[in-house]
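Right, one structure below, let's go through it.
Quick caveat: nothing in here was measured; it's all calculated off a predicted structure.
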Amino acid sequence: MPKLQGLEFWRNTLKGAHYVVAPMVDQSELAWRLLSRRHGAQLCYTPMLHAQVFVRDANYRKENLYCDVCPEDRPLIVQFCANDPEVFVQAALLAQDYCDAIDLNLGCPQMIAKRGMCKPELKNKVFNSSPVLLAHEKLSVPITCKIRVFPEIDKTVKYAQLLEKAGCQLLTVHGRTKEQKGPLAGVASWEHIKAVRKAVSIPVFANGNIQYLRDVDECMQKTGVHGVMSAEGNLHNPALFEGRNPVVWEMTEEYLEIVCQYPCPLSYVRAHLFKLWHHTLQVYQELRDELAKVKTLEGIADVNRELKLRCQEEIANQKEGEKPKGGLPFFHWICQPYIRPGPREMCKENGTSGSEGGIRGKRALEDEDDGNADTLSKNKQKKKLRNPNKCFDPSLKPKYAKCDHCGNPKGNKCVFNLCRGCCKKRAFKETADCPGHGLLFKTKYEKSLLWKSSQMELPKIERPQTGDMEGTDT
């Protein structure tokens, strides 16, 4: 069949999807996709997959795609992060028979994507859209892309047009820059998305600021996009695209039923419930600890039953006219969005003014640790419990001299003043030794020459001819 393109691909293959579940690392697995489809989602993406690992590891392919085949899970787009056009196309060729399109992630701020996309020597390859061009030529399914905006609208538009020219058949635009994440996420710019939509002729999906169904409608009206993608909103309320806000234990029960049929790692399930129960776990914090410790699916179901009983008891004792606490739009047992606190709110929660040092990140005190347990992050406090002598004062950390070539710490005893990787390349090229790194190319070469010369000096042993052997026998 001929490969459909642009609007024809969106209308026929993707069935004109408006409501889209985003690719989420370890979160948009098959069970969650099926739950979302039951409640209004029309198109789903797989979790973001690492192209190099997908090509190299057969088990990775099985666990993340091949074993997740389900007729109800279509249309489906498989997303990859990649830093090499050839490797990306190899991975896409292995995945194309299990999906309706292949997506290249060009804007995720998560570390797994940064490792997959940001090698310095390959930045130009990614920016000049060669992976898209190559995939468009080689694949039997369309190639799509997901990007984040640049601060400048015109630069974002030029990038979108570049991708369209290379062969991208559908573009998802997240209206935030790559720096906008965690407490610095802020509001997504629909103006950027609107400008991209006007500048290209391929379908465009918008991503960002989606918490309720009314936000979907508003976004489509203001930007003119073909569909709207939700990530965080979907995780906190999988019925978002239905316009409903069900109670959390009902969604949990339904999700666990699907997981029994289509199993996934328990860590995925636990992560979903931390999101789904976010507001309730602020009230019943002991259930948070139980959820963190539980080791089986049955154990998680027990925690959900306990949560349900406590919430129903609270509902029964509720006074008439009582309103939700904590500034929530609904009571905590109802699925609803979580608004990330900004840097100022984070500072207030941590008891600091936020006036010194400018804007700070997710862990407000991480750069100010002096070994005092009161100012350490939770993660570092756990490390301190395991090792009381551990110090987190940056001024006491050892300073390492840097390699002259790559900037990594150099070996203290290296004869070339390089790190081990650079030293190995130079020692091999020059046939030299570096005792500091245990590299003995020169020594081994000289030994091989001595061995060859000794072999040449050995006397040759003449073998008896066949006729001589026969004569001795007679």
Side-chain angles (χ1 to χ4, degrees), residues 3 13-14 20-34 43-71 73-123 125-127 129-148 163 166-172 174 229 231 262-268 271:
K3 184 163 60 174
T13 305
L14 302 185
V20 186
V21 174
M24 297 173 282
V25 177
D26 297 343
Q27 293 284 267
S28 57
E29 83 287 354
L30 176 59
W32 190 261
R33 297 197 300 266
L34 291 177
L43 169 65
C44 293
Y45 284 65
T46 66
M48 183 181 65
L49 306 176
H50 199 296
Q52 193 171 34
V53 182
F54 196 84
V55 170
R56 184 181 67 229
D57 192 338
N59 286 331
Y60 185 79
R61 294 195 292 272
K62 281 183 181 179
E63 291 168 3
N64 290 281
L65 186 62
Y66 293 177
C67 291
D68 280 355
V69 177
C70 174
D73 189 33
R74 301 300 279 269
L76 177 69
I77 297 179
V78 173
Q79 188 188 71
F80 288 105
C81 63
N83 60 20
D84 186 310
E86 296 288 345
V87 173
F88 167 61
V89 172
Q90 287 178 41
L93 287 168
L94 290 169
Q96 66 179 359
D97 293 337
Y98 298 84
C99 62
D100 298 290
I102 299 293
D103 188 78
L104 177 61
N105 191 350
L106 294 169
C108 181
Q110 288 206 35
M111 189 53 67
I112 180 177
K114 286 183 177 179
R115 286 196 296 267
M117 292 190 300
C118 292
K119 287 188 177 179
E121 67 273 20
L122 292 164
K123 276 185 178 176
K125 286 187 181 180
V126 171
F127 190 81
S129 69
S130 62
V132 179
L133 187 63
L134 196 62
H136 180 55
E137 292 172 356
K138 298 283 184 75
L139 299 182
S140 62
V141 296
I143 172 73
T144 69
C145 297
K146 185 171 185 285
I147 65 170
R148 282 192 169 223
L163 293 171
C168 175
Q169 302 304 316
L170 184 149
L171 185 64
T172 300
H174 188 160
M229 178 182 284
Y262 299 100
C264 65
L266 200 67
S267 60
Y268 294 10

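- Residue pairs that meet the salt bridge (charged side-chain N to carboxylate O under 4.0 Å, His left out) test with at least one member in residues 86-104, sequence neighbours left out, are Arg74-Asp100.
- Closest of all the heavy-atom pairs between Val55 and Ala91 is CG2-N, 3.5 Å.
- Nearest heavy-atom pair, Val87 versus Gln52, reported as atom, atom and distance to 0.1 Å: CG1-CA, 3.7 Å.
- Take Phe88 and apply the ring-ring contact (aromatic ring centres under 6.0 Å, His included) test, not counting sequence neighbours, and it matches no residue.
- Remark: Tyr45 pairs with no residue by the ring-ring contact (aromatic ring centres under 6.0 Å, His included) rule, at least two apart or across chains.
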Q: Could you give me the CA-CA distance, side-chain angles and deciding distance for Arg33 and Thr46, then say whether side chain to side chain contact (heavy atoms under 4.5 Å, CB included) is met?
A: CA-CA 8 Å; Arg33 297 197 300 266; Thr46 66; 4.1 Å; yes

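- For the pair Ser28/Met48, no side-chain contact is recorded, criterion being any heavy-atom separation below 4.5 Å from C-beta on.
- Residues Asp26 and Pro47 are not in side-chain contact: their nearest non-hydrogen atoms beyond the backbone lie 4.5 Å or more apart.
- Leu163 places a side-chain heavy atom less than 4.5 Å from the side chain of Leu106.
- Under the side-chain hydrogen bond (donor to acceptor under 3.5 Å, both in side chains) criterion, Gln96 pairs with Ser140, sequence neighbours left out.
- With contacts defined as side-chain heavy-atom distances shorter than 4.5 Å, the pair Leu14/Leu170 qualifies.
- Scanning both residues, Leu139 and Val89, for their nearest heavy atoms gives CD2-O, 4.4 Å.
- The CZ atom of Phe80 sits 11.5 Å away from atom NE2 of His50, with the distance rounded to the nearest 0.5 Å.
- Between Ile147 and Leu171, the closest side-chain pair of non-hydrogen atoms falls below 4.5 Å.
- Using a 30° and 60° split on the angle between ring planes, Tyr66 and Phe54 fall in the perpendicular class, above 60°.
- Scanning all heavy atoms of the two residues, the minimum distance from Pro75 to Thr13 falls at CB-O, 3.8 Å.
- Shown here are the side-chain contact (heavy atoms from CB on, under 4.5 Å) partners of Tyr262, two or more places apart in sequence or in another chain: Leu30, Leu34, Cys70, Glu72, Ile258.
- Partners of Pro263 by side-chain contact (heavy atoms from CB on, under 4.5 Å), not counting sequence neighbours: none found.
- Nearest heavy atoms, Val132 versus Gly167: CG1-C, 4.1 Å.
- With values rounded to the nearest 0.5 angstrom, Leu104 atom CG is found 11.5 Å from Lys146 atom NZ.
- Judged purely by atom type and a 3.5 angstrom limit, Lys138 has no side-chain atom pairing as donor or acceptor with the backbone of Ala92.
- Looking at heavy atoms from C-beta onward, His174 lies out of side-chain contact with Met229 at the 4.5 angstrom threshold.
- Applying the side-chain contact (heavy atoms from CB on, under 4.5 Å) rule to Cys99 yields the partners Val78, Ile102; only residues at least two apart in sequence or on another chain are considered.
- Counting only residues at least two apart or on different chains, no salt bridge (charged side-chain N to carboxylate O under 4.0 Å, His left out) pair has a member in residues 43-66.
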